[in-house]
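A short write-up of the structure that comes next.
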There are 4 protein chains.
Amino acid sequence: MPRQVDREARREEILAAAVRVFARCGYAGSRIEDIAREAGIAKGSVYLYFGSREELLRAAFEGLAARSEALLAEVGRRPGGAAARLELLVRSVMELLARERDLARVLLDVWSAGVRAPEWIDMAAFYRDYRAAVTALLTAGGERGAEPAVTPEAHAAVLVGAIEGCVLQALFDPTVDLAALVEPLVTLLVPSEEGGHTS
Amino acid sequence: MPRQVDREARREEILAAAVRVFARCGYAGSRIEDIAREAGIAKGSVYLYFGSREELLRAAFEGLAARSEALLAEVGRRPGGAAARLELLVRSVMELLARERDLARVLLDVWSAGVRAPEWIDMAAFYRDYRAAVTALLTAGGERGAEPAVTPEAHAAVLVGAIEGCVLQALFDPTVDLAALVEPLVTLLVPSEEGGHTS
Amino acid sequence: MPRQVDREARREEILAAAVRVFARCGYAGSRIEDIAREAGIAKGSVYLYFGSREELLRAAFEGLAARSEALLAEVGRRPGGAAARLELLVRSVMELLARERDLARVLLDVWSAGVRAPEWIDMAAFYRDYRAAVTALLTAGGERGAEPAVTPEAHAAVLVGAIEGCVLQALFDPTVDLAALVEPLVTLLVPSEEGGHTS
Amino acid sequence: MPRQVDREARREEILAAAVRVFARCGYAGSRIEDIAREAGIAKGSVYLYFGSREELLRAAFEGLAARSEALLAEVGRRPGGAAARLELLVRSVMELLARERDLARVLLDVWSAGVRAPEWIDMAAFYRDYRAAVTALLTAGGERGAEPAVTPEAHAAVLVGAIEGCVLQALFDPTVDLAALVEPLVTLLVPSEEGGHTS
DNA sequence: GATGAATGAGCGTTCATTCAT
DNA sequence: CATGAATGAACGCTCATTCAT
């Protein structure tokens, strides 16, 4: 069914155009016409693929969320020690956000929308899943006696938060090199394998 | 003589109302009339104190920035070891953002505006200063030989990022208890005093 | 009654200020506050002397009209031949408008208001009187057989029109020297004394 | 394909509607919505053809200016004596303004705008060209020894002024018959052919 | 009287969305 | 399917006018 493929491809084209425009102008500053022009189609045609402007933002987020979930799943599937897998997760996520600067920029507006319209973009669930995955890996890594005050859940929140916060700073300041923050993040927040007994 | 008003006080009232409305509806979704109603005045009166809607957002951020700078300065003035002061800084910032939920919510829109209009809201400078202060405290704390891979600058970025990122998660998810994240943050990212030479 | 004098003097001050501002910014572009500032008083005080912004425009016109009527009356009182008096009228009017550039500029807005709100500013009556005076002088000057096709009324309309039209051009174009147009106006449109029978 | 429209025709329709409304209410008193209603379209649609309310006023003037220039050019192309052509010019202009009462009314606002925003509507240039054309015709008509005091330039200014001034009076006062002023204008201000050598 | 803070109707302009072609 | 002209609700901002002090 080539029809279907075409339709889907066109949808993706438009979404990609929307992400570029959102990144450039912000969601509030992006007019449907700008997106249509960026996609090389007519204004009205956008509505053949997306029901509203808001849906474009949601789709953008869902694309990012899907990729994140894929990463999480991928890490879940991987063999190896929990610490190594957690490290991989951190590296993957950072790499994804560093590579997709536009998507990261759009994230700012998505966050805002998510706070204001939880039933529309469920950021709470997204980050809950994210933390849950990290928590699982932290727990699997074995309890390190050193820090009894830090529950795995809290540790996960800090790690996830640090990732998002580093991306945030890199968005504001081109001086901040996101790639250079990966090692520090791992070093500081990913517990090193202990004894290697997980292998 | 017209009604005597404390212009500065009135300005603050309106700003506070604006912050509440921004927090509730987002900057994009907040109409001047909503803000005026929240402040108990007429629409036009807002313009006696603020030149534009945008100026309200900027003022909101500047209020937060001023408080943050005050915190930084306060910490700088404090006696005591660097680690203790850094810990104090983290606690203070977290407490500020936990207490001023509305302001934190508005931060989401400010971030978006700051990325898009750097000359308008200089987020880069704000976070640069923030990191610089943390870096100074980290450096003063003495180099711990354990992690030579993590420069103080990178460590600062991770710590600052973690704070912002934790606040972010707390905004999305009321389940996330910001207060409960303070200890983990400190434990994981504030190096403990070394040798106790500060005593 | 010094009170009365003061009040009247203040009124004139404000009116003069208004004329300056109207001339500079146009009636539509002049805010009450501008006028108040120009007059060195507070906004609200304008309303102690004038009931509305429109009234200021009307008063400006009435001032000009009063002066014009004074000129007409003066010419009527003068001894001498009709032609000489007509010439005097033309010279006086031109001189008035050349001297009071601001008032002339305001005239543009007054014309517009007069066309749109005849009951408010009765331009028809003003120009009717003006033409009547000129007609009277033309008639008194004796019928010159040369141009039977031109009634005194029509001649008056042309003369009055020429004056206004010359002023108009001078307003647009500083290059146009209003003073230099007086002689041509007189030469071309004021019939020269005939036989001197008026003496 | 969307409704097929002749954009240029639609633009003219809207402009014509705007001229009618401007004539009725004055530029300052004309709301975009009035113009849209007069044109039988929705408010927003006006902006598909004109960038702003001001642009409508400018376009109205430019339409009039274009027609005037066409008249000037037409007269320039005509064969015949200079005096006859000048007479034709006067008659044509008067006829145009008599026919297009609305446009003439709008002229009042255009004048005001032109004085206040010369870079926007260059009235100075418009009347300069106008006078130049008349001057050329006057000069070509041969110098009449009778009035050495009146330069052709001044004569042109008086003639042009008289035309505008007559139109002005007719706008205020329906009693004033513009058509009846054409002959007097010609008789008084267009020098009659000399020697009849042009025939 | 004089002031200027407060008001709120009013308007220009934008832009998401619709739909006739 | 695609188009882009048309729509009209929405909103930021202005400013004439009022009135408490």
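Chain identifiers are assigned alphabetically (A, B, ...) following the order of the sequence lines, protein sequences preceding nucleic acid strands; residue numbering begins at 1 within each chain. Scope of the values below: all heavy atoms of this structure, side chains included, with no hydrogens, waters or symmetry mates.
Comparing C/S45 and D/I32 by the nucleotide of DNA chain E that holds the closest heavy atom to each, the one mapping nearer the 5' end is C/S45. When each of B/V5 and A/S52 is assigned the nucleotide of DNA chain E bearing its nearest heavy atom, the one mapping closer to the 5' terminus is B/V5. Each of B/G29 and D/L48 has a nearest nucleotide on DNA chain F; the 5'-most of these lies closest to D/L48.
Each of F/dA16, E/dC11, E/dA16 was ranked by its minimum atom distance to the side chain of D/R31; first place goes to E/dC11. Looking at the side chain of C/I41, the nearest of the listed nucleotides E/dT3, E/dG1, F/dG12 is E/dT3.
Both distances falling under 3.5 Å, in either a Watson-Crick or a G-U wobble arrangement, place F/dA20 opposite E/dT3.
Side-chain atoms of B/S30 come within 3.5 Å of backbone atoms of B/G26 as a donor-acceptor pair (strictly under, hydrogens ignored). The closest donor-acceptor contact from the side chain of C/E38 to the backbone of C/D34 lies at 3.5 Å or more, if one exists at all. Between the C/S68 side chain and the C/L64 main chain, a donor and an acceptor come within less than 3.5 Å of each other.
When the side-chain nitrogen and oxygen atoms of B/R10 are compared with OP1 and OP2 of E/dA6, one or more of them lie within a distance under 4.0 Å. D/R7 has no side-chain polar atom (N or O) that falls below the 4.0 Å cut-off from OP1 or OP2 of F/dG4. Taking 4.0 angstrom as the limit, B/Y47 places none of its side-chain polar atoms (N or O) nearer than this to OP1 or OP2 of E/dA5. Between D/Y49 and F/dA6 there is a side-chain N or O to OP1 or OP2 distance below 4.0 Å.
The ring-ring contact (aromatic ring centres under 6.0 Å, His included) test with C/Y27 is passed by exactly one of C/F61, C/W111, C/F22: C/F22.
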